[in-house]
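Notes follow once the structure below has been shown.
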Amino acid sequence: MLELKFIREHPDLVRDGIRKKGETDRVDEILKLDVRRREILGNAEALKNTRNRVSEEIGRLKKNKQDAAGPISEMEKVKQSIKALDEEFAGVESELNSLLLNVPNLPHPSVPEGKTPAENQEIASWGDEPEIDFEPKPHWDLVSKLDIIDFERGVKITGAGFPLYKAGGARLQRALINFFLDEASARGYTEIQPPLMVNAASATGTGQLPDKEDLMYTVPKDELFMIPTAEVPVTNIHRDEVLVEDDLPLKYCAYTPCFRREAGSYGKDVRGLNRLHQFDKVELVKIAHPGVSYNELDSLRGDAEELLKKLGLRYRVLLMCTGDMGFTQTKKYDLEVWSPGQKRWLEVSSVSNFEAFQARRMNIRFKSRGGGKPEFVHTLNGSALALPRIMSALIEQYQTPEGKVVIPKILHRYTGFKVIG
RNA sequence: GGAGAGGUGGGUGAGUGGCUUAAACCAACGGUUUGCUAAACCGUCGUAUGGGGUCAACCUGUACCGAGAGUUCAAAUCUCUCCCUCUCCGCCA
């Protein structure tokens, strides 16, 4: 969320950002409530000041065994007025708060303005269209023949979007997870195994709540949410903490399953591994000094790209336009891998800077070396990488005419085999 | 799930209704001393927010002692509800 003070002082900047993101502009309502809020506050505080002074006086009188009945009955009236003002204040404040929670983060100046995915900018690419001298099959054909991913039985056990990985498929996925985690550790990320369910405070901190509740699976009896990404528990590690400047940036990596309800998709978008309700992901999270967060964003993106290069997968990098970027981000890159069997790009990573947006909600601050007031940190994260689409790209790119899959060399020591089928 | 004990600033930890503007210590920061390090000594030091101002550094109000409600002229302190932690018991991979 943005600071009320910032909105008060730069309403036009905020309006502009809201417009670029295509969100609803309620700045005027916010400013109006803000004025009202301060009005009430001023009145209530003046009365409380009276109460404090007179109460002290009463204490003194009683101590000296003097009569205090006059001031006491006077204060009884003041007490009623304070109560009324406090109640009004609480009402205004909660209304204001829910408006503030719905103000999106403002896009960074370097982000192109646009409304639809068509306006995202391709800013880098790596690798060529792989040379396959036969008609490459989509992964869902290959994995069924090889019997390494079982979609039908996943449906039986749970439902659509919950596939069952088997034998070489299970093994390949585990190999990729280990590979990703080892690479992240080598780059200085501390490995975390977080809880897979979070409470409402954590989900609010990263921005899933209040308005994206429908994307998450819930556990109503215990008021918990299945995590849609490791971003939620990992970024919340330091909620309500004051960090030491010298410790920044904090870098974490975590492998977790992710659970998403993702209502409303259809057709080829959900075919095979393209869109699932449960999938695996290795996530990178950084908690950074505000002065360097955009450098950290670029190096985070580099860390994710390196994995694709090592796997030899063709990919491109998109800089997301203002309208396609999401509520909480200031700048976001998507990494898309080429799927030869489907002849399309698949998003495998999304790398974002949130600046202080999440930090403010989570109250994560740092104290600088020279003392001074605590400041909010910047939070960043990126997938490195989302497993299912890497699985499909990899299986499609390294397929043979006989329908086998050749494993890239770098994974051999993780899989223990060189070919599936 | 049952019983008991607790939750106080960055940390440890005093504080049972009114000189508490939350003691003290540690950490941190600034300074003095010093050939260097260490130590010692002196000083500064919670957060949020309103108002004023010679608009970052000053003055002033208010709130905050796990969360919320209540009693009272007055609550860290008393009452109730909830959350969490610890110890013991039960259950359990």
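Below, chain A is the first sequence line, B the second, and so on; all start at residue 1.
- At B:rA63, one or more side-chain N or O atoms of A:N52 fall inside 4.0 Å of OP1 or OP2 (strictly under the cut-off).
- Of the listed nucleotides (B:rA74, B:rG50, B:rU49), B:rU49 has the atom at the smallest distance from the side chain of A:E3.
- As rounded to whole Å, 13 Å separates atom C1' of B:rU72 from atom NZ of A:K83.
- Nucleotides B:rA22 and B:rA63 have their P atoms positioned 11 Å apart, rounded to a whole Å.
- The nearest whole Å value for the distance from the CD atom in A:E39 to the P atom in B:rU62 is 20 Å.
- Distances shorter than 4.0 Å separate some side-chain N or O of A:R8 from OP1 or OP2 on B:rG50.
- The base of B:rG61 lies close enough to the side chain of A:E45 for a donor and an acceptor atom to sit less than 3.5 Å apart.
- Considering A:K286, A:E231, A:Q358 in turn, A:Q358 is the only one that fulfils the side-chain hydrogen bond (donor to acceptor under 3.5 Å, both in side chains) rule with A:T379.
- Ion pairing between a basic and an acidic side chain is recognised when a charged N comes within 4.0 Å of a carboxylate O; A:E88 and A:R36 show such pairing.
- In this structure, A:A46 and A:I58 both approach RNA chain B, and ranking their closest nucleotides by distance from the 5' end singles out A:A46.
- Remark: A:F6 pairs with A:H10 by the ring pair (Phe, Tyr, Trp, His ring centres under 6.0 Å) rule, at least two apart or across chains.
- Across every strand in view, B:rA5 sits in a pair with B:rU85 that passes the Watson-Crick or G-U test at under 3.5 angstrom.
- Using cut-offs of 30° and 60° on the angle between ring planes, the pair A:Y217 and A:H277 is perpendicular.
- B:rA63 atom P lies 12 Å from atom CZ of A:F89, rounded to whole Å.
- Straight-line distance between the P atoms of B:rG1 and B:rU16: roughly 34 Å, to the nearest whole Å.
- With both pairing distances under 3.5 Å, B:rU47 is matched to B:rA63 as a Watson-Crick or G-U wobble pair.
- Here B:rA48 presents its C1' atom at 10 Å from CZ of A:R37, a figure rounded to the nearest Å.
- Annotation: B:rG9 and B:rG61 have their P atoms spaced 24 Å apart (nearest Å).
- On the C1' atoms, B:rC41 is 26 Å away from B:rG46, given to the nearest whole Å.
- Remark: side-chain polar atoms of A:Q399 are paired, donor with acceptor, to backbone N or O of A:K137 under 3.5 angstrom.
- For B:rG4 and B:rC26, the C1' atoms lie 32 Å apart once the distance is rounded to whole Å.
- Residues A:N49 and A:I72 each lie close to RNA chain B; by heavy-atom proximity, the contact nearer the 5' end of the strand is made by A:N49.
- Checked against B:rA48, B:rG51, B:rC73, the side chain of A:R365 finds its nearest nucleotide in B:rA48.
- Summarising the base pairing, B:rU16 is matched to no nucleotide, lacking a Watson-Crick or G-U wobble pair whose two defining distances lie under 3.5 Å.
- Here A:R19 pairs with A:D16 in a salt bridge; the nearest charged N to carboxylate O distance falls below 4.0 Å.
- Contact check on A:K32 versus A:D28 returns no salt bridge, with no Lys/Arg side-chain nitrogen under 4.0 Å from an Asp/Glu carboxylate oxygen.
- When the P atom is used for both B:rA38 and B:rU47, the distance is 27 Å, rounded to whole Å.
- The distance between atom CD of A:E375 and atom P of B:rG10, rounded to the nearest whole Å, is 16 Å.
- Comparing B:rA76 with B:rU20, their P atoms sit 14 Å apart, to the nearest whole Å.
- For the P atoms, the distance linking B:rA3 with B:rU81 amounts to 13 Å, nearest Å.
- Remark: B:rG35 base-pairs with no nucleotide in the shown strands. Criterion, Watson-Crick or G-U wobble with two distances under 3.5 Å.
- Look at B:rC19: its glycosidic torsion is beyond 90° from 0, and that puts it in the anti range.
- Remark: B:rG70 base-pairs with B:rC78. Criterion, Watson-Crick or G-U wobble with two distances under 3.5 Å.
- With rounding to whole Å, A:D34 atom CG is found 11 Å from B:rG50 atom C1'.
- For A:K79, the listed nucleotide lying nearest its side chain is B:rU72; candidates were B:rG18, B:rU62, B:rU72.
- Atom C1' of nucleotide B:rA75 and atom CD of A:E56 are separated by 15 Å, given to the nearest angstrom.
- Nucleotide B:rA93 forms a pair with no other nucleotide shown, judged by Watson-Crick or G-U wobble geometry with both contacts under 3.5 Å.
- Remark: B:rG30 base-pairs with B:rC42. Criterion, Watson-Crick or G-U wobble with two distances under 3.5 Å.
- Nearest nucleotide to the side chain of A:R51, out of B:rU49, B:rU62, B:rA63: B:rA63.
- The CG atom of A:L41 sits 13 Å away from the P atom of B:rG52 (whole-angstrom rounding).
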